[in-house]
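Here's the structure, in structure tokens; my notes come after.
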Amino acid sequence: MLIGLLRYAYVIERYGPSLLNTVAFVLGWICAAGLIMVGSFQVDHAKVLHYIGAGVAFPTSMMFIFFQSLLTYRMAHAHWFCWTGHLRSLLTLFGLVILVLSGVLFIQDGFVLQHMAALCEWTFIINVLVYYGTFAFEFGAISTDTFLVLLKASRAPKSYKAGTSTPATPHAHSTSENMAMI
């Protein structure tokens with residue numbers, strides 16, 4: 001959840017708000033909810049809940065890294081970001097192959113094939129963690145300003161009074177008070 005929030009804030013600060021970033025953020029949080037289910041309900045004790053969590057976590061994590069790869073190319077202003085995009089795309093493609101292979105092996109009968117499916121799942125998770133590691137360079141640039149961008153976005157006026165250009169609900173706190181609250 002934290003990685004999703006940090007990446008979301010980073011993209012907003014550097015690129016501005018976008019639907020792609022918002023969708024990736026939501027997918028990251030849904031993935032985290034699925035992972036909480038997988039970790040909370042062990043397959044030996046609550047098989048159905050464990051598999052529901054896995055069914056939520058694996059596809060959403062695949063879509064999350066896919067959308068993050070697209071965002072990387074969209075934000076690429078320097079040659080280095082293109083190479084980062086290429087690396088992330090390779091990791092995404094590898095993850096897709098492993099995830100499909102895991103699904104194919106999972107539906108087969110036999111202990112060995114089920115075991116191979118579990119190994120593919122773990123390989124997929126390690127691949128996603130390596131993918132998250134590629135955010136390290138970008139996360140090094142995160143500062144308090146990054147989080148202030150999120151606060152400003154959440155406090156932006158949503159509606160205006162008819163016929164006026166002032167917000168319908170003024171902010172109760174000044175900027176210095178907002179900083180003190182943080």
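Any value given below was found using the heavy atoms of this structure, including those in side chains, with hydrogens, waters and symmetry copies removed.
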Worksheet entry | Enclosure of Phe139 CZ (heavy-atom neighbours >12, cutoff 6.0 Å) | yes
Worksheet item: With a cut-off of 6.0 Å (strictly less than), are more than 12 heavy atoms of other residues, nucleotides or ligands near NE2 of His86?
Response: yes
Discussion item. Quick check: is Val100 connected to Met63 through a chain of hydrophobic side chains (ILVMFWY, heavy atoms under 4.5 Å apart)?
Written reply: yes
Worksheet item: Atom CD1 of Ile30 and atom CE of Met1: how far apart are they, to the nearest 0.5 Å?
Response: 10.5 Å
Discussion item. On a heavy-atom basis, which atom in Ile98 and which in Cys120 lie closest, and how many Å separate them?
Written reply: CG2-O, 3.0 Å
Fill in: Full working for side chain to side chain contact (heavy atoms under 4.5 Å, CB included) between Ser61 and Leu35
CA-CA 10 Å; Ser61 63; Leu35 289 174; over 6 Å; no
Fill in: Ser102 side, atom OG; Phe58 side, atom CZ - distance, nearest 0.5 Å
6.5 Å
Worksheet item: Would you find more than 12 non-hydrogen atoms of other residues, nucleotides or ligands less than 6.0 Å from Met75 atom CE?
Response: yes
Practice prompt. Indicate, with yes or no, if Ile36 and Val48 share a hydrophobic cluster defined by side-chain heavy-atom contacts under 4.5 Å among Ile, Leu, Val, Met, Phe, Trp and Tyr.
Written response: no
Practice prompt. Give, for atom CG of Leu99 and atom CD1 of Ile125, the distance between the pair rounded to the nearest 0.5 Å.
Written response: 9.0 Å
Worksheet item: Side chains of Met62 and Thr92: closer than 4.5 Å at any heavy-atom pair?
Response: yes
Item to complete: Enumerate the residue pairs fulfilling side chain to side chain donor-acceptor pair (under 3.5 Å) with a member in residues 21-35, sequence neighbours excluded, ordered by first and then second residue.
Response: none
Practice prompt. May I have the step-by-step check of side chain to side chain contact (heavy atoms under 4.5 Å, CB included) for Phe147 and Ile142, ending in yes or no?
Written response: CA-CA 8 Å; Phe147 292 104; Ile142 288 179; 4.0 Å; yes
Discussion item. Between His50 and Phe41 (side chain of the first, backbone of the second, donor and acceptor by atom type, cut-off under 3.5 Å), is there such a pair?
Written reply: yes
Item to complete: Determine which pairs satisfy side chain to side chain donor-acceptor pair (under 3.5 Å) with at least one residue from residues 121-139, sequence neighbours left out, and list them in order.
Response: Arg7-Glu138, Ser69-Tyr131, Arg88-Thr134, Arg88-Glu138
Worksheet item: Can you tell me if Thr60 uses its side chain to pair, donor with acceptor, with the backbone of Ala57 under 3.5 Å?
Response: yes
Item to complete: Taking all non-hydrogen atoms of both residues into account, name the closest pair between Thr146 and Ala9 and its distance.
Response: CG2-CB, 3.5 Å
Worksheet item: Which of these passes side chain to side chain contact (heavy atoms under 4.5 Å, CB included) with Phe67: Thr72, Val26, Leu20?
Response: Leu20
Discussion item. How close do Tyr10 and Ala141 get, counting heavy atoms only, and between which atoms?
Written reply: CE1-CB, 4.4 Å
Practice prompt. Taking all heavy atoms of Ala24 and all of Leu71, pick out the closest pair and write down the distance.
Written response: CB-CD1, 4.4 Å
Worksheet entry | Residue pair Met37 / Gly53: nearest heavy atoms and the distance that separates them | CB-CA, 3.7 Å
Discussion item. Within the structure provided, determine whether Leu70 and Phe66 are in side-chain contact (heavy-atom separation under 4.5 Å).
Written reply: yes
Worksheet item: Same cluster or not: are Phe137 and Leu129 linked, directly or through other Ile, Leu, Val, Met, Phe, Trp or Tyr residues, by side-chain heavy atoms under 4.5 angstrom apart?
Response: yes
Worksheet item: Under a single-linkage definition using a 4.5 Å side-chain heavy-atom cutoff for Ile, Leu, Val, Met, Phe, Trp and Tyr, are Leu119 and Val130 assigned to the same hydrophobic cluster?
Response: no
Discussion item. Looking at Gln114, is its backbone amide N or carbonyl O close enough to the side chain of Gln108 to form a donor-acceptor pair, meaning the two atoms are under 3.5 Å apart?
Written reply: no
Worksheet item: Between atom CG of Leu151 and atom OG1 of Thr144, what is the distance when rounded to the nearest 0.5 Å?
Response: 10.5 Å
Worksheet item: How far apart are the closest heavy atoms of Ile12 and Pro17, and which atoms are they?
Response: CG1-CA, 4.4 Å
Worksheet entry | In one Ile/Leu/Val/Met/Phe/Trp/Tyr side-chain cluster, 4.5 Å: Phe94, Met116 | no
Response to the item:
The reported gap from SG in Cys82 to CG in Leu87 (rounded to nearest 0.5 angstrom) is 13.0 Å
Practice prompt. Could you grab the distance from atom CG of Leu6 to atom CZ of Phe25, nearest 0.5 Å is fine?
Written response: 10.0 Å
